[in-house]
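Worksheet: one structure, shown below.
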Amino acid sequence: MHAGARRDGRFRVTGSHGRQLLAISDLHVVYAENRALVEAMRPNSDDDWLIVAGDVGEFVADIEWALGLLRDRFAKVIWAPGNHELWTPRDDPNQLRGEARYRHLVELCRRLGVVTPEDPYPVWDADGDPVLIVPLFVGYDYTWRPPGTYTREQALARAHETGVVCTDEILLHPDPYPSRDAWCRARVIQTERRLDAERGGLPTVLVNHYPLVREPTRVLRYPEFAQWCGTDLTADWHLRYDTRVAVYGHLHIPRTTWYDGIRFEEVSVGYPREWRRRASPPGRLRSILPAPARRPA
Ligand SMILES: [Fe+2]
Ligand SMILES: [Fe+2]
């Protein structure tokens, strides 16, 4: 752990008696190799918390297995849903769709003792520097359109032309909302209301499956895919809600970037065919707090 010091008045590096707030996402435990990675995940201390930023899996039983195993090992587990949790695969015995599936997963998490976006936001308090940990469920609304397209319809048509169409279009049902983007807009309004009412002036760690700003999607190999990756409606949340760290996944491009001086952590494991190509070992938990000693230049 680093000695207590405050850098640029915002990022505090503290002696936190060895406690860490850790994060991971995109476990995709339908793959045996990824299940093995989850089985190997352990805290560094008995007091570590773990953020799981979505895409644990598609099958309710798989999600329960992974979150239950992690809950047994970490002092607290905080979950935000990914698009894969919200799929209704034809071969899942649980055929709930849309909002009903989400609510079912929230109840499952509550039985396991896992914190969801519907629960009171936990406070991470290291050395008198409390930070509100906010798991979010805010989706996408097709506003991150490919170049030269100006409407949702044009963006989707371009995706179909190029063959880059997210499987959500088939398996992620928005019921009872008329569309996935309508569901997203409703979640944005509900979440803003709740944050405005409950934040109490605390700084935040915002945890969403999707990046809150569009910039991380600029490096996607297929720009058509960005329309399934977030919404312009959250573009200023990291500034509005005094965010220390924004945690996300979904892109399967693990890295640390800075926007408006705020640290964004993409913490995904991804598919075996993706992590096998990377130099770094797969499944390593990222330290969210305490903050790293040095901000990269
Ligand atoms: Fe994923
Ligand atoms: Fe995802």
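It should be emphasised that the depicted structure is a prediction, and the values quoted were computed from it without experimental measurement. We count ligands from 1, going down the list as the structure has it; atoms in each ligand are counted the same way.
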salt_bridge(Glu215, Arg218) N-O dist < 4.0 Å
no
Closer than 4.0 angstrom, basic N to acidic O: yes or no for Arg152 and Asp181?
yes
Heavy atoms from other residues, nucleotides or ligands near CZ of Arg278 exceed 12 (cutoff 6.0 Å)
yes
Residue-atom pairs from the protein, N, O or S only, that lie under 2.8 Å from the Fe ion (ligand 2)
Asp55 OD2, Asn83 OD1, His209 NE2, His250 ND1
Using modelled atom types and a 3.5 Å cut-off, is there a donor and acceptor pairing between side-chain atoms of Gln20 and backbone atoms of Asn44?
no
List in chain and number order the residues that pass side-chain contact (heavy atoms from CB on, under 4.5 Å) with His104, two or more places apart in sequence or in another chain; answer none if no residue qualifies.
Val60, Asn94, Leu96
Classify the ring geometry of Tyr102 against Phe137: parallel below 30°, tilted from 30° to 60°, perpendicular beyond 60°.
tilted
